[in-house]
Amino acid sequence: MKLTINGKAHDVAASADTPLLWVLRDELGMTGTKFGCGRGLCGSCTVLADGEPIRSCSTELGDVKSKTIVTIEGLSPSLSHPLQKAWIAENVPQCGYCQAGQIMSAAGLLMKKKKPSDADIDEAMNGNLCRCGTYQRIRRAIHRASGVILSEAKDPAAASGSFAVSAPQDDTEVAR
Amino acid sequence: MSVVKVNRRDFVRLTSVATAGLALGVKLDAQPTSNNEQHPLGAFVDVGADGFVTVYVSKSDMGQGVRTSLPMIVAEELDADWKKVRVRQADLDKKYGRQGTGGSGSIRSMWTPLRQAGATARAMLAGAAAAKWGVDAKEISVANGVVSHGAHKATFAELAPAAAKLEVPKDVALKDPAKFTIIGKKANRLDNPDLLRGKSQYGIDVRLPGMLYAVVLHAPVFGSKIASIDDSKAKQVKGVKHVVRLDPIGTDMPWAGVGVVADSTWAAMKGRDALVVTWDEGAAKDENTESFRKEMHDLVTREGKRVRNDGDVDAALGATAKTLEATYEVPFLAHATMEPMNATASVTKDGLEMWLPTQFPDWAGGSAGKAVGFKPEQVKVHVTLLGGGFGRRAFPDSAIQAALMSKAAGAPVHVQWTREDDMTHDYYRPASVHRIAAGLDADGKLHAWHHRMASAGINSYVGNGEPHESETGGIDDLGYSIPNLRLEYAAAKSSVPRGWWRSVENSGNAFVVESFIDELARAAGKDPIEFHLAMLPAGKVVEPGNARMKDYAFKADRMRRAIETVRDKSGWGKPAPAGRARGFAAWWSFVTYVAQVAEVSVGKDGTPRVHRIVTAIDCGIPVNPDGVAQQIEGSIVYGLSAAMKEAITIKGGAVEQSNFHDFELLRIDEMPVVEVHVIPSTDPPSGTGEPGLPPTAPAVANAIFAATGKRLRTLPFKLS
């Protein structure tokens, strides 16, 4: 089966009823997407399928084979996405384990609504649990990223990176 | 000739992790390249030819941010350029000292050793410069990674080779804290860039050449033994390689189970589904929450073992103007770290090597090594990131499972627990029942406090069984001036495994004490904050029983200041916004002082909504003030989630809850606005991982009382 992930085509050997999460993690070695509950109750496994947040632990491979999948590894390897920058500015992560799922849900939200309200954020994000309590900072970071997206929309010349999630532009290592 | 000098530590990292990294097609950050020799300046610091300072962090990061805050301490004394500091996790190694992480103690215990490590490395670089320039080392300046003397200038990278050859100085001067430029300022977490690109490695992410994946069928009833195993169908599942019997090993690995080892996690799960196992259930199968609660409630009607006895409580209660009695109760709680339990082990004829999201690499290494027949010298432990710990990852149970299965399989094995495994096989926060009778004198001051507590505690599960601070802490050393105070403890019996849960005994005891004090304040007709301050006379100091903790005596003035700060910042005394009421609580734990005010409204259906929690915290010198704020936000959410929603119940000796549909956690739409005020301090740093949690439940319960007149004496809150 062929699967398009982060702009690349992959030949996948797993059977069609394998949850996408385990295909990503075990067969393809993309461990950025996490396992938290296996029943779609925590959101740690969230990836985008054709721009929609899905819970990959509860989604069979066969159901997404024709879709464009984007994972945390594909958001922006150069840390250019407004959500990544906002996450850094607000110092959101603590243990960090839920954060890939949080960001992918947030990315899905911002692709639909450039200026989400607090109620929009509640609805889009309340399927993503955080045991470390970063919710307040997640909310602030989404508003911050939204502000950047809106100002870049007004002045595209100032844009430092596309927020429409697509294939990564480069694989620049950030020095550390 | 350029020599690629890779020290042994790096070699182990490169061979064990890099090959996996190359297999993933992921370029690992900041690997030593052929131009990047590393020069150790003591156990904690390397200076690289690329100009980066590597700080080895010997405590586990489970979200509390030690991988940023501990390097800040080193970088400060080293006078490094903070933008050129990288962090590496220390493997288990005696040279780092104690590596166990817990008790909100990482910064407190590493404050002086890491300041010395940074200052020592600085002295070595200055010494190398002094020798190079022929000047007095005392006249050398170091700032931002640059060493200078008059017109002479050199970078750390330039001086490191010579510095590393010098003898490590024994006594180095530490900086005057007034001159700190890194400590005390907001620092972004060093791990964020990797994390936000999906590159951070948790225990669940470990990948090794030839590694197999295992899932364990655990006995549902506590204390069970295996009766029979039929693995014939399991072995037919595609991808399954081995089935391994796992018998319990004391409290280090208390679960009977059958492991299925396969070439993928999903295949192992399907193999496990095909197992047919019968169990020998012991006495535990008769235990239920109702029977256990009955035992605890019965125990507090009788005298227990005296843990504290100040003054004469019997006489005082006989003579007081007003007495109040109440019974309080809290349930068992699961940790529910977001990353379920897991461990990776590789057993060869030479020894055991493990990759663990562990809080205690030494405990895991020792007990897993013993389980497969190796001495500590033959055991290597690498510590990964932890997707939450909260005390659960202190225990070595999954490490032992991985080691046993690797030995059986003859290959590296990663054992992965499901959420159901994790929820039903925890070392739970103990349930407890408290019966308190207290008396107010004619002036409305708290005059007597008789406290009976019953629980099946942590020390009776993993310790020597005696009543212990891990059960009675916070009450046995309660710092309020109450002339007559007696605490009695009675041990209940339970088969439920018990362990340290974020803030340990303080999690339940603070709810009980601070709620009941609120009841007493209102009975006395006093403002709850004034009532607290009246029990904290200015200048009072309570010396610790342990001489090692002499710098951390309880000081009433520090608690007064925290309370007064939160009173002022929360608007206490002024009207709350329409429909809202406020509640107050304060608690001293892990030598940190925290005061909180919660603002709550209660809907017509009885559901409480927490709008705002204001916190004042005195944790001594805050190394990373934003990190302190993160910790308070996190502890409040952890405590609030438990207070509003969480309980573990037992039926037939097994846990009834299994996933997040029946053990619900607080979600983003229930998060209050949290305001944190870090009190400026010159006291040595104390803990921030746990102290924000204990006051949260009572502050909210007290606010709910203010809003409704309903007093909540059990958790989780039930209003309707």
Side-chain angles (χ1 to χ4, degrees), chain A residues 14 18-19 22-23 25-27 29-39 41-42 44 71-77 79 81 83-84 87-89 91-100 103 121-123 125-139 171 173-176, chain B residues 23-27 29-30 52 61-65 86 186 188-202 204-205 207 213 264-266 336-340 385-390 416 418-419 626 630 633-638 659-661 665-669 671 673-674:
Chain A
T18 311
W22 300 116
V23 177
R25 291 186 54 81
D26 291 356
E27 187 174 345
M30 298 175 68
T31 56
T33 307
K34 303 303 187 197
F35 168 66
C37 72
R39 291 178 59 171
L41 297 167
C42 77
S44 295
T71 71
I72 186 69
E73 290 96 337
L75 194 67
S76 169
L79 288 178
H81 195 283
L83 281 171
Q84 290 168 320
W87 244 248
I88 288 173
N91 228 7
V92 178
Q94 292 193 34
C95 89
Y97 190 76
C98 75
Q99 298 290 313
I103 289 174
I121 291 173
D122 282 349
E123 197 189 318
M125 301 299 295
N126 74 0
N128 287 85
L129 292 176
C130 173
R131 202 56 170 139
C132 298
T134 67
Y135 296 131
Q136 177 164 287
R137 291 176 187 242
I138 289 172
R139 187 184 296 280
D171 200 12
E173 290 302 310
V174 174
R176 206 63 194 214
Chain B
L24 297 176
V26 168
K27 208 166 89 181
D29 270 338
F52 270 73
D61 203 322
M62 46 186 140
Q64 80 290 42
R86 75 165 70 92
K186 172 183 174 178
N188 281 76
R189 296 235 180 161
L190 295 180
D191 287 324
N192 283 344
D194 272 354
L195 175 69
L196 297 171
R197 296 176 293 163
K199 294 186 173 202
S200 291
Q201 187 184 68
Y202 297 82
I204 196 175
D205 303 321
R207 298 287 183 268
Y213 301 79
S264 71
T265 314
W266 186 240
T337 58
M338 224 48 240
E339 178 192 13
L385 292 178
L386 285 63
F390 312 119
Q416 184 58 50
T418 62
R419 177 58 54 190
D626 199 43
Q630 285 182 303
E633 292 160 29
S635 342
I636 283 174
V637 172
Y638 206 80
N659 209 310
F660 296 125
H661 63 292
L665 305 183
L666 209 75
R667 294 181 181 266
I668 191 169
D669 55 353
M671 170 97 195
V673 170
V674 174

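Predicted model, so just to flag it, every value in this text is computed and none were measured. Protein chains get the first letters and strands the later ones, always in sequence-line order, with residue 1 at the start of each.
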Rounding to 0.5 Å, atoms CG (B:D61) and CD (A:Q94) come to a distance of 10.0 Å
What is the minimum heavy-atom distance between A:Y135 and B:L666, and which atoms define it?
OH-O, 2.7 Å
I'd like to know if the side chain of B:R197 and the backbone of A:P77 have a donor-acceptor N/O pair within less than 3.5 Å.
yes
Determine whether A:R39 and B:H661 make a side-chain contact, defined as any pair of heavy atoms from C-beta on separated by less than 4.5 Å.
yes
Could you check which of B:Q64, B:K186, B:R667 has the highest count of heavy-atom pairs closer than 4.5 Å to chain A?
B:R667
What part of A:Q99 lies closer than 4.5 angstrom to a heavy atom of chain B: side chain, backbone, both or neither?
side chain
Contact winner vs chain A - B:D191, B:N192, B:T418, heavy-atom pairs under 4.5 Å
B:N192
Test item: B:I204 and A:R25 side chains (from C-beta on) under 4.5 Å apart, heavy atoms
yes
Separation of B:D669 CG from A:N126 CG (nearest 0.5 Å)
4.5 Å
Side chain, backbone, both or neither: which part of A:V23 has a heavy atom under 4.5 Å from chain B?
neither
I'd like to check A:R137 versus B:E633 (side-chain heavy atoms, cut-off strictly below 4.5 Å). Are they in contact?
yes
Checking heavy atoms, do the side chain of A:L83, its backbone, both or neither come under 4.5 Å from chain B?
neither
Within the side chain of B:Q630, is there an N or O that forms a donor-acceptor pair under 3.5 Å with the backbone of A:N91?
yes
For a 4.5 angstrom cut-off between non-hydrogen side-chain atoms, does B:M338 reach A:C42?
yes
Could you tell me which portion of A:I88 (side chain, backbone, both or neither) has an atom closer than 4.5 angstrom to a non-hydrogen atom of chain B?
both
For the side chain of A:D26 and the backbone of B:T265, is there at least one donor-acceptor N/O pair under 3.5 Å apart?
yes
Go through the structure and list residues passing side-chain hydrogen bond (donor to acceptor under 3.5 Å, both in side chains) with B:Y213, not counting sequence neighbours.
B:R207
Ranking A:C132, A:C130, A:C37 by heavy-atom pairs under 4.5 Å to chain B gives rank one to A:C37
Determine yes or no for a side-chain-to-main-chain donor-acceptor pair under 3.5 angstrom, with B:Y202 supplying the side chain and A:K34 the backbone.
no
Most contacts with chain B, counted as non-hydrogen pairs under 4.5 angstrom, among A:S44, A:P19, A:G127
A:P19
Who wins among A:G32, A:G133, A:A14 for the most heavy-atom pairs under 4.5 Å with chain B?
A:G133
I'd like to know if the side chain of A:R131 and the backbone of B:A336 have a donor-acceptor N/O pair within less than 3.5 Å.
yes
Side-chain contact test, heavy atoms from C-beta onward, threshold under 4.5 Å: evaluate it for A:C95 versus B:L385 and give yes or no.
no
Please look at B:S200 and chain A and tell me whether the side chain, the backbone, both or neither of the residue comes under 4.5 angstrom of a heavy atom of that chain.
backbone
Given a strict heavy-atom distance threshold of 4.5 Å, which part of B:Q416 is in contact with chain A: side chain, backbone, both, or neither?
side chain
If one checks every heavy atom of B:D626 against chain A at 4.5 Å, the contacting part turns out to be both
State, with a plain yes or no, whether a side-chain heavy atom of B:V673 is found less than 4.5 Å away from one of A:Q136.
yes
Just how far is it from atom CH2 of A:W87 to atom CG of B:N188, taken to the nearest 0.5 Å?
14.5 Å
Option in A:N128, A:I138, A:D122, A:I103 with maximal non-hydrogen atom pairs under 4.5 Å from chain B:
A:D122
Measuring from A:E123:CD to B:I668:CD1, what's the distance to the nearest 0.5 Å?
12.5 Å
